[in-house]
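Quick note on labels: first sequence line is chain A, next is B, and so on, each numbered from 1.
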Number of protein chains: 2
Amino acid sequence: MTNLFIGSDRRTQKETALFEAALDVFAEFGFRKAGIEDIARRAGIANGTVYLYAASKRDLYKRAVEYGLDAWQAHAAKAAEEAAEGTEPGRGRARNRFEALCRAAYSYLAAEPRLRRIMSRDPSLFPAAPGSAEGDDPFESVNGRSVAMLERAIREGVDTGEFAVEDPAAAAELLFSLYRVMIEKTYVEEDGGERKRFEAGLSIIMNGISARGA
Amino acid sequence: MTNLFIGSDRRTQKETALFEAALDVFAEFGFRKAGIEDIARRAGIANGTVYLYAASKRDLYKRAVEYGLDAWQAHAAKAAEEAAEGTEPGRGRARNRFEALCRAAYSYLAAEPRLRRIMSRDPSLFPAAPGSAEGDDPFESVNGRSVAMLERAIREGVDTGEFAVEDPAAAAELLFSLYRVMIEKTYVEEDGGERKRFEAGLSIIMNGISARGA
DNA sequence: CAATGAATAAATTCGTCATATATTCATTTA
DNA sequence: TAAATGAATATATGACGAATTTATTCATTG
């Protein structure tokens with residue numbers, strides 16, 4: 001173990017290149033028609049090297065998508081934190097955090113055609129997609145964290161009196177589902193009205209969870 | 001194919017029997033594995049008679065589902081009207097109508113496993129389902145009427161000051177989409193928490209569209 | 001003349017081979 | 001000597017025709 005840092009660093013770089021290439025190829029061709037050879041070439045590694053980072057093509061798909069979802073989530077979480085930082089607790093902080101979370105998540109995806117494409121092709125990526133059963137979500141971990149993030153944001157508002165929601169957990173689940181629809185509407189229709197629909201939806205939701213007196 | 005629009009009583013009865021049988025079989029086996037012979041037998045008519053009411057198996061599917069959606073919609077519309085009847089305009093009538101509309105639509109589907117099954121099997125039945133494009137909705141007519149019904153209910157509330165919504169058309173579209181999610185969550189998970197999620201969602205929406213002073 | 005159901009056309013399944021591509025592993029590299 | 005390679009191998013996929021099932025038609029019927 002002469003240089004553990006460089007070793008792990010190189011490994012991470014290679015892994016990143018692999019997942020980026022995988023996202024490109026899976027997005028362009030879908031799971032079936034995507035080729036390991038193509039992915040390996042684009043990542044600048046050999047065919048067999050792929051199997052040092054994933055157990056199978058399916059596993060590579062899962063890891064690459066998880067990598068993409070993680071980046072998306074991290075971006076949204078960061079934006080929410082930054083929005084909350086400038087505000088005093090209770091003085092609209094929960095609203096700011098919640099709204100920033102929604103906006104950042106939405107706009108990040110607008111700039112990530114690969115994830116949109118992949119999710120469009122493969123509805124099973126979302127928990128309650130038709131055909132999937134209870135424990136079926138392959139991204140339970142990421143999606144679960146997203147729902148938890150929403151729930152925390154809502155609870156903060158409820159605690160400070162900014163929000164009035166009877167069941168924050170159920171509300172978070174519902175909003176996550178609603179979020180899926182907005183995404184669908186965005187990538188499926190692409191009629192130029194997405195932004196408007198997003199704003200209309202966000203407005204209703206913000207109003208819907210806000211306490212009357214606030 | 002003969003004239004499909006001449007509606008004698010016998011024909012209507014036969015048509016109804018055919019569509020009912022078709023809903024049964026399509027729900028049980030899905031479009032592909034459903035057999036015309038099976039449907040005809042259950043409807044008590046001969047094989048060839050089916051083609052007096054539909055141009056093809058695909059057309060029969062479309063007509064049968066449309067028949068089912070029509071019944072669903074009619075039920076919800078009736079419930080909304082009845083709820084509105086007892087209330088003076090402006091004195092909570094819009095709220096009553098809107099809430100009744102949502103509840104009736106939801107509970108009707110809970111009692112109609114065939115429609116749930118069919119929609120579950122065939123996500124393309126809904127306008128913005130993955131894979132479908134702009135003019136792709138085979139049930140544009142029914143779905144369009146549903147959205148219009150929502151929009152009218154919202155506009156009534158806006159006019160009387162009960163609701164505060166910037167863009168009723170966008171809101172109606174959004175709510176219709178949200179409705180799809182509730183349905184998905186209902187028939188996919190069946191974990192006993194549907195009712196709770198429905199109530200949580202309806203509460204946020206009702207609050208979200210309501211005017212602050214109302 | 002609406003309705004029928006046997007006749008016909010069309011679609012689907014199944015078995016086989018040919019091709020492509022996912023995966024392994026003996027060898028090389030750094 | 002652990003990580004990486006890429007040719008070798010196993011597995012999956014696609015193409016094709018025959019066999020079978022199923023959708024659709026239409027001459028006949030009540």
Side-chain angles (χ1 to χ4, degrees), chain A residues 1-65 118 121-122 124 138, chain B residues 1-65 118 121-122 124 138:
Chain A
M1 54 164 78
T2 45
N3 203 333
L4 188 60
F5 173 77
I6 287 190
S8 66
D9 192 48
R10 274 186 68 204
R11 180 192 181 98
T12 296
Q13 270 177 238
K14 211 164 255 190
E15 203 170 39
T16 301
L18 173 59
F19 289 160
E20 286 289 333
L23 279 181
D24 284 345
V25 176
F26 283 131
E28 187 170 356
F29 301 107
F31 179 78
R32 266 171 49 99
K33 296 204 171 179
I36 291 287
E37 200 170 335
D38 190 9
I39 294 172
R41 186 167 6 88
R42 296 201 200 196
I45 61 179
N47 238 334
T49 309
V50 170
Y51 291 86
L52 298 175
Y53 299 96
S56 65
K57 186 184 174 185
R58 176 61 63 180
D59 184 52
L60 175 62
Y61 179 70
K62 186 180 174 296
R63 283 172 195 272
V65 173
I118 287 172
R121 277 213 160 88
D122 184 355
S124 79
Chain B
M1 177 178 52
T2 48
N3 192 344
L4 293 170
F5 296 100
I6 296 174
S8 77
D9 233 84
R10 275 189 69 205
R11 163 166 286 202
T12 297
Q13 270 178 239
K14 213 163 253 189
E15 202 170 41
T16 302
L18 173 60
F19 290 161
E20 286 289 334
L23 279 180
D24 283 345
V25 176
F26 283 132
E28 187 171 354
F29 302 108
F31 179 79
R32 266 172 49 100
K33 295 203 172 180
I36 292 286
E37 202 171 334
D38 190 8
I39 294 172
R41 188 166 5 87
R42 295 202 202 197
I45 62 179
N47 238 332
T49 309
V50 170
Y51 291 87
L52 298 175
Y53 299 95
S56 65
K57 186 185 175 186
R58 176 61 64 180
D59 184 52
L60 175 63
Y61 178 71
K62 186 179 176 295
R63 282 170 194 274
V65 173
I118 286 173
R121 277 212 160 89
D122 184 356
S124 79

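Residue contacts for A/Ala54: at a heavy-atom cut-off of 4.0 Å it reaches no nucleic acid atom on any strand shown. The residue A/Gly48 sits close to a base: some heavy atom pair falls under 4.0 Å. Note on B/Ala34: only backbone sugar-phosphate atoms sit closer than 4.0 angstrom, heavy atoms only; bases stay farther off.
The NZ atom of A/Lys14 sits 9.0 Å away from the CG atom of A/Leu52 when rounded to the nearest 0.5 Å. Between atom CD1 of residue A/Ile118 and atom CZ of residue A/Phe31 there is a gap of 11.5 Å, rounded to the nearest 0.5 Å.
Between the CZ atom of B/Arg58 and the C1' atom of C/dA10 there is a distance of 15 Å, rounded to whole Å. Rounded to whole Å, the distance from NZ on B/Lys57 to P on C/dA10 is 17 Å. Protein atom CD1 of B/Ile36 is 11 Å distant from nucleotide atom P of D/dT25, rounded to whole Å. Counting to the nearest Å, the C1' atom of D/dT24 and the CG atom of B/Leu52 are 12 Å from each other. Across the protein-nucleic acid pair, B/Asp59 atom CG and D/dT25 atom P stand 12 Å apart, rounded to whole Å. Between A/Glu37 atom CD and D/dT13 atom P there is a gap of 17 Å when expressed in whole angstrom units. Computed from coordinates, the A/Ile39 CD1 to C/dT23 C1' distance equals 14 Å when rounded to whole Å. For B/Tyr53 and D/dA23, the OH to P distance is 19 Å, given to the nearest whole Å.
In this structure, of D/dA4, D/dG6, C/dT4, it is C/dT4 that holds the atom nearest to the side chain of B/Ala46. Closest to the B/Ile45 side chain, of the nucleotides C/dT4, D/dT5, D/dT24, is C/dT4. Of all nucleotides listed (D/dT13, D/dA3, C/dT4), D/dT13 comes nearest to the side chain of A/Arg32. Proximity note for B/Asn47 (side chain, C-beta onward) versus C/dG5, D/dA4, C/dA22: the nearest is C/dG5.
The residues A/Asp38 and A/Arg41 are annotated as salt-bridged, a charged nitrogen and a carboxylate oxygen being separated by less than 4.0 angstrom.
Of the residues near DNA chain C, A/Thr49 and A/Phe31, the one whose nearest nucleotide (by heavy atom distance) lies more toward the 5' end is A/Phe31.
Contact between B/Ala17 and B/Ala43 at its shortest, heavy atoms only, is O-CB, 3.8 Å. Shortest non-hydrogen contact noted between A/Ala55 and A/Asp59 is N-OD2, 2.9 Å.
Bending across the helix from C/dC1-D/dG30 to C/dA30-D/dT1, expressed as the angle between its end axes from five pairs apiece, amounts to 40° (10° rounding).
A/Ile36 has its side chain within reach of A/Leu60: a pair of non-hydrogen atoms, C-beta onward, lies under 4.5 Å apart.
A donor-acceptor pair under 3.5 Å links the side-chain atoms of B/Lys57 to the main chain of B/Arg32, judged by distance alone.
Residue A/Lys14 places at least one side-chain N or O under 4.0 Å from the OP1 or OP2 atom of D/dA4. Contact between the side-chain N/O atoms of A/Tyr51 and the OP1/OP2 oxygens of D/dA4 is not found at any separation under 4.0 Å.
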Side-chain donor-acceptor pairs under 3.5 Å in residues 18-29 of chain B, sequence neighbours left out?
unit_1, atom_1, unit_2, atom_2, d
B/Glu20, OE1, B/Arg114, NH1, 2.8
B/Glu20, OE1, B/Arg114, NH2, 3.2
B/Glu20, OE2, B/Tyr67, OH, 2.7
B/Asp24, OD1, B/Arg114, NH1, 3.1
B/Glu28, OE1, B/Arg42, NH2, 3.4

